[in-house]
Asker: 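One structure, pasted below without further comment.
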Amino acid sequence: MVSLNEEVIRKVIAEVLAEMVPSSETGKKAESASVPKAASSMKLVEKGEAEKSSDPRDVAIGISPGFGVGFNETIVGTPHSEVLRQLMAGIEEEGLKPRVVRVSHTCDVAFIGKKAAELSGSGIGIGVLSRGTTVIHQKDLSPLQNLELFPQSPLLDPETFRAIGRNAAKYAKGESPVPVPTKNDPMARPRYQGLAALLHNKEMRFVDPKKGPVEIEVAFDR
């Protein structure tokens, strides 16, 4: 059973409260502290507007507005570099090609996954939020429909992310894989609900309704 990181809670609460104070000095400090640089083990480079791929072997991974820029890790501390590394490795294990796009107009994982699927040459996409919530989507499904949903982000570990990548690739190949098994902790929701809400509010600051999806080049430190 995962334990709640009290230090993370205190930090996020302090940032959110500081942003609510109209003091210019406090606001500047909060803004500076809440936008860390991308994780040192990964570099995300914007390569321009993302366009729909014509490659049927392409599986798109849609990342949320603050993924890797406003946040460096999930709600339980899994580095974003590890999340992407495992998702991409799972896709590659099935012989397909991962592609990363940033979806900036929303923090809703359903719409992020839907947009990734629409941009993907295979019609299959993965959506992932900064806190870890993930979905496997298909382009002809409505946003609130999906192939697989992983709403309990505190229970997602690197092995699960790799399995999600594998299953997304299998759907892209026309297979019907067994859904990825996930851990079950009935206390995860009440334990993390408050922190998840705070993280969501923090990520909303990175949303840009006017910005379209952007192609992302991922470079991992070896």
Asker: Check side chain to side chain donor-acceptor pair (under 3.5 Å) between Lys173 and all other residues, then give those that pass, not counting sequence neighbours.
Answerer: Glu94
Asker: Among residues two or more places apart or on two chains, list those pairs meeting side chain to side chain donor-acceptor pair (under 3.5 Å) that have a residue in residues 98-110.
Answerer: Arg99-Glu215
Asker: Identify each donor-acceptor pair in which a side-chain atom of residues 109-128 lies under 3.5 Å from a protein atom, sequence neighbours left out, and give them as a table.
Answerer:
| from | atom 1 | to | atom 2 | distance (Å) |
| --- | --- | --- | --- | --- |
| Lys114 | NZ | Lys139 | O | 2.5 |
| Lys114 | NZ | Leu141 | O | 2.6 |
| Lys115 | NZ | Glu118 | OE1 | 3.3 |
| Ser120 | OG | Asp58 | O | 2.6 |
| Ser120 | OG | Asp58 | OD1 | 3.2 |
| Ser120 | OG | Ser122 | N | 3.3 |
| Ser120 | OG | Ser122 | OG | 3.0 |
| Ser120 | OG | Ile124 | O | 2.9 |
| Ser122 | OG | Asp58 | O | 2.6 |
| Ser122 | OG | Ile124 | N | 3.2 |

Asker: Could you walk me through whether Phe150 and Ile136 pass the side-chain contact (heavy atoms from CB on, under 4.5 Å) check?
Answerer: CA-CA 9 Å; Phe150 308 88; Ile136 303 177; 4.2 Å; yes
Asker: Run the side-chain contact (heavy atoms from CB on, under 4.5 Å) test on Arg85 and Phe220 for me, step by step, so that the C-alpha distance in whole Å, both residues' side-chain angles and the decisive distance to 0.1 Å come before the verdict.
Answerer: CA-CA 8 Å; Arg85 191 190 299 273; Phe220 296 108; 3.6 Å; yes
Asker: Taking Gly66's backbone N and O only, do any of them form a donor-acceptor pair with Glu203's side chain (distance below 3.5 Å, no angle check)?
Answerer: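 Between the backbone of Gly66 and the side chain of Glu203 there is a qualifying donor-acceptor contact (under 3.5 Å).
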Asker: I'd like to check the side-chain contact (heavy atoms from CB on, under 4.5 Å) partners of Val214; sequence neighbours left out, ordered by chain and number.
Answerer: Glu46, Lys211, Ile216
Asker: Can you name the nearest heavy-atom pair linking Thr74 to Gly132, along with the distance?
Answerer: CG2-CA, 4.0 Å
Asker: Step by step, would you call Gln152 with Thr182 a side-chain contact (heavy atoms from CB on, under 4.5 Å)?
Answerer: CA-CA 9 Å; Gln152 289 192 302; Thr182 56; over 6 Å; no
Asker: Does Asn167 reach the main-chain N or O of Val178 with its side chain, forming a donor-acceptor pair under 3.5 Å?
Answerer: yes
Asker: Can you tell me how far apart CG (Leu87) and OG1 (Thr160) are? Round to the nearest 0.5 Å.
Answerer: 10.5 Å
Asker: More than 12 heavy atoms of other residues, nucleotides or ligands under 6.0 Å from NZ of Lys97: is that the case?
Answerer: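 Open.
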Asker: Indicate the atoms forming the closest heavy-atom contact of Leu96 with Pro98, along with that distance.
Answerer: O-CD, 3.7 Å
Asker: Using 0.5 Å steps for rounding, measure from the SG atom of Cys107 to the NZ atom of Lys202.
Answerer: 12.5 Å
Asker: Are Leu129 and Leu199 connected in a single hydrophobic cluster, I mean Ile/Leu/Val/Met/Phe/Trp/Tyr linked by side-chain heavy atoms less than 4.5 Å apart?
Answerer: no
Asker: Quick one: closest heavy-atom pair of Val59 and Ala172, and the distance?
Answerer: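 Minimum heavy-atom contact is CG2-CB, 3.8 Å.
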Asker: Can you name the side chain to side chain donor-acceptor pair (under 3.5 Å) partners of Glu82, sequence neighbours left out?
Answerer: Gln86
Asker: In terms of relative ring orientation, are His80 and Phe67 parallel, tilted or perpendicular, with 30° and 60° separating the classes?
Answerer: parallel
Asker: Tyr192 and Val76: side-chain contact (heavy atoms from CB on, under 4.5 Å), yes or no, with the steps?
Answerer: CA-CA 10 Å; Tyr192 284 92; Val76 290; 3.7 Å; yes
Asker: Would you say the side-chain atoms of Ser81 pair up with the backbone N or O of Met42, donor to acceptor, closer than 3.5 Å?
Answerer: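 Here the side-chain-to-backbone pair does not exist.
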Asker: Val180, Val83: one ILVMFWY side-chain cluster at the under-4.5 Å cut-off?
Answerer: yes
Asker: So how far is it from Ile75 CD1 to Leu156 CG, rounded to the nearest 0.5 Å?
Answerer: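 CG of Leu156 is found 10.5 Å from CD1 of Ile75.
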Asker: Hydrophobic clusters here meaning ILVMFWY residues chained together by side-chain heavy-atom distances under 4.5 Å, can you tell me if Val100 and Ile164 are in one?
Answerer: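 Val100 clusters together with Ile164.
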Asker: Is Leu44 linked to Phe161 within one hydrophobic cluster, defined over Ile, Leu, Val, Met, Phe, Trp and Tyr using a side-chain heavy-atom separation of less than 4.5 Å?
Answerer: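 Linked within one cluster.
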Asker: Measuring from Leu84:CG to Ile61:CD1, what's the distance to the nearest 0.5 Å?
Answerer: 6.0 Å
Asker: Indicate the atoms forming the closest heavy-atom contact of Phe71 with Ser130, along with that distance.
Answerer: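 Scanning both residues completely, I find the closest heavy atoms to be CD1-OG, 3.5 Å.
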Asker: Give the cluster check for Val103 versus Met204: same hydrophobic cluster or not, with ILVMFWY residues linked at side-chain heavy-atom distances below 4.5 Å.
Answerer: no
Asker: Taking salt bridge (charged side-chain N to carboxylate O under 4.0 Å, His left out) as the cut-off, I'd like each qualifying pair that reaches into residues 155-166, sequence neighbours left out, listed once.
Answerer: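 Every pair satisfying salt bridge (charged side-chain N to carboxylate O under 4.0 Å, His left out) with a residue in residues 155-166: Glu93-Arg162, Glu93-Arg166, Asp157-Lys183.
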